*Asks:* 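Here it is, the structure in full.
In this text, all values refer to a predicted model and were calculated from it rather than measured experimentally.
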Amino acid sequence: MGYLFFLLFMICWMIYGCISYWGLHCETTYTKDGFWTYITQIATCSPWMFWMFLNSIFHFMWVAVLLMCQMYQISCLGITTNERMNARRYKHFKVTTTSIESPFNHGCVRNVIDFFEFRCCGLFRPVIVDWTRQYTIEYDQISGSGYQLV
């Protein structure tokens with residue numbers, strides 16, 4: 001989540017940098033010349049910056065969608081992408097043809113508090129679990145069993 005957030009931030013910064021560059025180095029404005037003239041003039045003023053701008057817009061769209069998808073899964077469903085893709089492998093999920101019920105789903109607000117470990121001056125208490133004490137690390141390669149609850 002942190003990677004996606006900072007990637008989105010850097011893409012926005014790149015878009016801002018391209019627009020600032022055009023304002024300083026290109027002799028055109030959107031209000032004076034109109035949309036199509038402005039686009040052609042900034043593309044000829046600095047083709048590399050125009051390419052970087054188009055590339056940044058493209059990546060902004062899919063990174064924003066991916067960030068929203070991850071936030072939806074974490075906050076509303078209470079599962080990660082791995083759990084969602086492999087839900088049939090885990091016994092603790094109830095999988096139907098239309099939904100996946102997670103025992104870790106505590107509602108949208110509580111899921112966000114637990115995921116980001118918000119404390120807010122003691123008003124919230126995230127559920128912090130030491131997973132190294134919950135499961136053993138023995139794994140049988142032949143039978144494929146292991147990782148038992150302690």
Side-chain angles (χ1 to χ4, degrees), residues 1-24 26 30-31 35-36 38-40 42-43 45-150:
M1 293 298 298
Y3 172 75
L4 291 175
F5 174 76
F6 284 110
L7 181 60
L8 196 63
F9 174 76
M10 293 305 294
I11 291 170
C12 290
W13 194 12
M14 184 63 195
I15 292 170
Y16 170 76
C18 290
I19 294 170
S20 297
Y21 177 85
W22 293 328
L24 292 173
C26 299
Y30 174 73
T31 55
F35 180 73
W36 291 111
Y38 178 70
I39 293 296
T40 55
I42 61 172
C45 174
S46 177
W48 177 249
M49 286 302 268
F50 188 67
W51 166 247
M52 292 300 294
F53 179 75
L54 292 178
N55 201 7
S56 297
I57 293 294
F58 171 73
H59 289 296
F60 176 83
M61 289 186 286
W62 74 263
V63 170
V65 169
L66 183 59
L67 182 63
M68 288 186 292
C69 179
Q70 294 300 313
M71 282 304 301
Y72 168 74
Q73 287 184 157
I74 290 168
S75 63
C76 296
L77 301 179
I79 59 176
T80 63
T81 303
N82 178 51
E83 292 170 336
R84 192 170 189 184
M85 300 304 284
N86 298 310
R88 293 191 190 326
R89 294 183 185 179
Y90 302 124
K91 295 177 183 173
H92 54 273
F93 288 114
K94 292 181 185 176
V95 180
T96 64
T97 56
T98 58
S99 68
I100 301 170
E101 292 183 30
S102 171
F104 310 113
N105 187 1
H106 303 290
C108 289
V109 174
R110 189 69 199 179
N111 289 342
V112 171
I113 290 170
D114 289 342
F115 181 78
F116 291 108
E117 296 183 4
F118 288 140
R119 297 202 189 318
C120 194
C121 301
L123 294 176
F124 304 118
R125 294 179 187 252
V127 177
I128 300 174
V129 177
D130 184 7
W131 295 107
T132 60
R133 295 177 188 249
Q134 294 290 322
Y135 292 93
T136 62
I137 58 172
E138 291 87 24
Y139 184 75
D140 186 9
Q141 291 285 340
I142 297 169
S143 68
S145 64
Y147 301 116
Q148 301 296 320
L149 276 171
V150 176

*Asks:* Once side chain to side chain contact (heavy atoms under 4.5 Å, CB included) is applied, do any residues pair with Y3, and if so which ones, sequence neighbours excluded?
*Replies:*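 Per chain and number, Y3 pairs via side chain to side chain contact (heavy atoms under 4.5 Å, CB included) with L7.
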*Asks:* Side chains of residues 62-74: which donor-acceptor pairs under 3.5 Å do they make with residues two or more places apart or in other chains?
*Replies:*
unit_1 : atom_1 : unit_2 : atom_2 : d
W62    : NE1    : H59    : ND1    : 2.7
Q70    : OE1    : T81    : OG1    : 3.2
Q70    : NE2    : T81    : OG1    : 3.0
Q73    : OE1    : R84    : NH1    : 2.9
Q73    : NE2    : T81    : OG1    : 3.0

*Asks:* State which residues pass side chain to side chain contact (heavy atoms under 4.5 Å, CB included) with W48; sequence neighbours excluded, sorted by chain then number.
*Replies:*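 Partners of W48 under the side chain to side chain contact (heavy atoms under 4.5 Å, CB included) test: W51, M52.
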*Asks:* Only counting residues at least two apart or in another chain, list the ones meeting disulfide (SG to SG under 2.5 Å) with C26.
*Replies:*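 Only C45 meet the disulfide (SG to SG under 2.5 Å) criterion with C26.
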*Asks:* With sequence neighbours excluded, what pairs up with T80 under the side chain to side chain contact (heavy atoms under 4.5 Å, CB included) test?
*Replies:*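 N82, E83.
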*Asks:* Could you pull out all residues at least two apart from F116 that satisfy ring-ring contact (aromatic ring centres under 6.0 Å, His included)?
*Replies:*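 By the ring-ring contact (aromatic ring centres under 6.0 Å, His included) rule, F116 matches F118.
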*Asks:* For residues M49 and G17, report the shortest heavy-atom separation together with the two atoms involved.
*Replies:*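 Answer, listing the atom of M49 first, then G17: CE-O, 4.1 Å.
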*Asks:* Determine whether I79 and N105 make a side-chain contact, defined as any pair of heavy atoms from C-beta on separated by less than 4.5 Å.
*Replies:*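 They are not in side-chain contact.
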*Asks:* Roughly how far apart are I15 CD1 and S20 OG, rounded to 0.5 Å?
*Replies:*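 That separation rounds to 12.0 Å.
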*Asks:* Kindly give the heavy-atom pair with the smallest separation between G78 and S102, and that separation in Å.
*Replies:*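 Closest pair (atom of G78, atom of S102, distance): O-OG, 3.5 Å.
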*Asks:* About how many Å separate CE of M61 and OG of S56, when rounded to the nearest 0.5 Å?
*Replies:*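 Interatomic distance, S56 OG to M61 CE, rounded to 0.5 Å: 11.0 Å.
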*Asks:* I'd like to know whether CZ of F50 has more than 12 heavy-atom contacts from other residues, nucleotides or ligands below 6.0 angstrom.
*Replies:*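 More than 12 within 6.0 Å, yes.
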*Asks:* Do F60 and M14 come within less than 4.5 Å of each other through their side chains, counting heavy atoms only?
*Replies:*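 Not touching, per the 4.5 Å side-chain cut-off.
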*Asks:* With F93, which residues qualify under ring-ring contact (aromatic ring centres under 6.0 Å, His included), at least two apart?
*Replies:*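 Applying ring-ring contact (aromatic ring centres under 6.0 Å, His included) to F93 gives Y90.
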*Asks:* Considering residues at least two apart in sequence or located in another chain, which fulfil the ring-ring contact (aromatic ring centres under 6.0 Å, His included) criterion with F53?
*Replies:*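 Applying ring-ring contact (aromatic ring centres under 6.0 Å, His included) to F53 gives W22.
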*Asks:* Using the test side chain to side chain donor-acceptor pair (under 3.5 Å), find all partners of T96 that sit at least two apart in sequence or belong to another chain.
*Replies:*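 Side chain to side chain donor-acceptor pair (under 3.5 Å) list for T96, sorted by chain: S99.
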